[in-house]
Amino acid sequence: MGLQKTHDFVIRYRGFLLLEQPNQTWLVRPERSPMVLLPFRTKKCSLIQVKAILDEKLAKTINSIQAA
């Protein structure tokens, strides 16, 4: 029985881990608690697109915190 690779590529970006999945989608999760943003998955996309998605979600979260 061989080892199964769970992640092809892992990047640290703005306090999050960007984990490339075998099907070229991405799992984005916080490095540590407290969580500002819940973990999420992307569709099949590039690293640049994943970073843009994360930046957009973080901007929305910051804006909603400032509005409160």
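A quick note: this is a predicted structure, and the numbers were derived from the prediction, not measured. Computed over heavy atoms, backbone and side chain alike; hydrogens, waters and symmetry mates excluded.
Partners of K57 under the salt bridge (Lys or Arg N to Asp or Glu O under 4.0 Å) rule, at least two apart in sequence or in another chain, do not exist in this structure. Remark: K43 pairs with no residue by the side-chain hydrogen bond (donor to acceptor under 3.5 Å, both in side chains) rule, at least two apart or across chains. Shown here are the side-chain hydrogen bond (donor to acceptor under 3.5 Å, both in side chains) partners of R32, two or more places apart in sequence or in another chain: there are none. Every residue meeting the side-chain hydrogen bond (donor to acceptor under 3.5 Å, both in side chains) condition with S46, not counting sequence neighbours, appears here in chain and number order: Q49.
Nearest heavy-atom pair, L37 versus P30, reported as atom, atom and distance to 0.1 Å: O-CG, 3.3 Å. Residues T25 and T42 come closest through the heavy atom pair CB-O, 3.3 Å.
To the nearest 0.5 Å, atom CD of residue E31 and atom CZ of residue F16 are 9.0 Å apart.
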Exercise. What's the verdict on side chain to side chain contact (heavy atoms under 4.5 Å, CB included) for L27 and Q21, showing C-alpha distance, side-chain angles and the deciding distance?
Worked result: CA-CA 7 Å; L27 172 61; Q21 305 296 291; 3.7 Å; yes
For this session: Applying side chain to side chain contact (heavy atoms under 4.5 Å, CB included), run through Y13 and L47 and close with a yes or a no.
Result: CA-CA 11 Å; Y13 180 71; L47 177 59; over 6 Å; no
Problem set entry | Verdict with reasoning, I53 to W26, per side chain to side chain contact (heavy atoms under 4.5 Å, CB included) | CA-CA 11 Å; I53 292 167; W26 293 83; over 6 Å; no
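Clustering of Ile, Leu, Val, Met, Phe, Trp and Tyr side chains at separations under 4.5 Å leaves I62 isolated, with no partner residue. Its side chain within the 4.5 Å cluster rule, L38 clusters with M35 among the Ile, Leu, Val, Met, Phe, Trp and Tyr residues.
With hydrogens and angles ignored, the 3.5 Å screen pairs no side-chain donor or acceptor of E20 with any backbone N or O of L18.
The side-chain heavy atoms of R41 and V28, taken from C-beta on, include no pair separated by under 4.5 Å.
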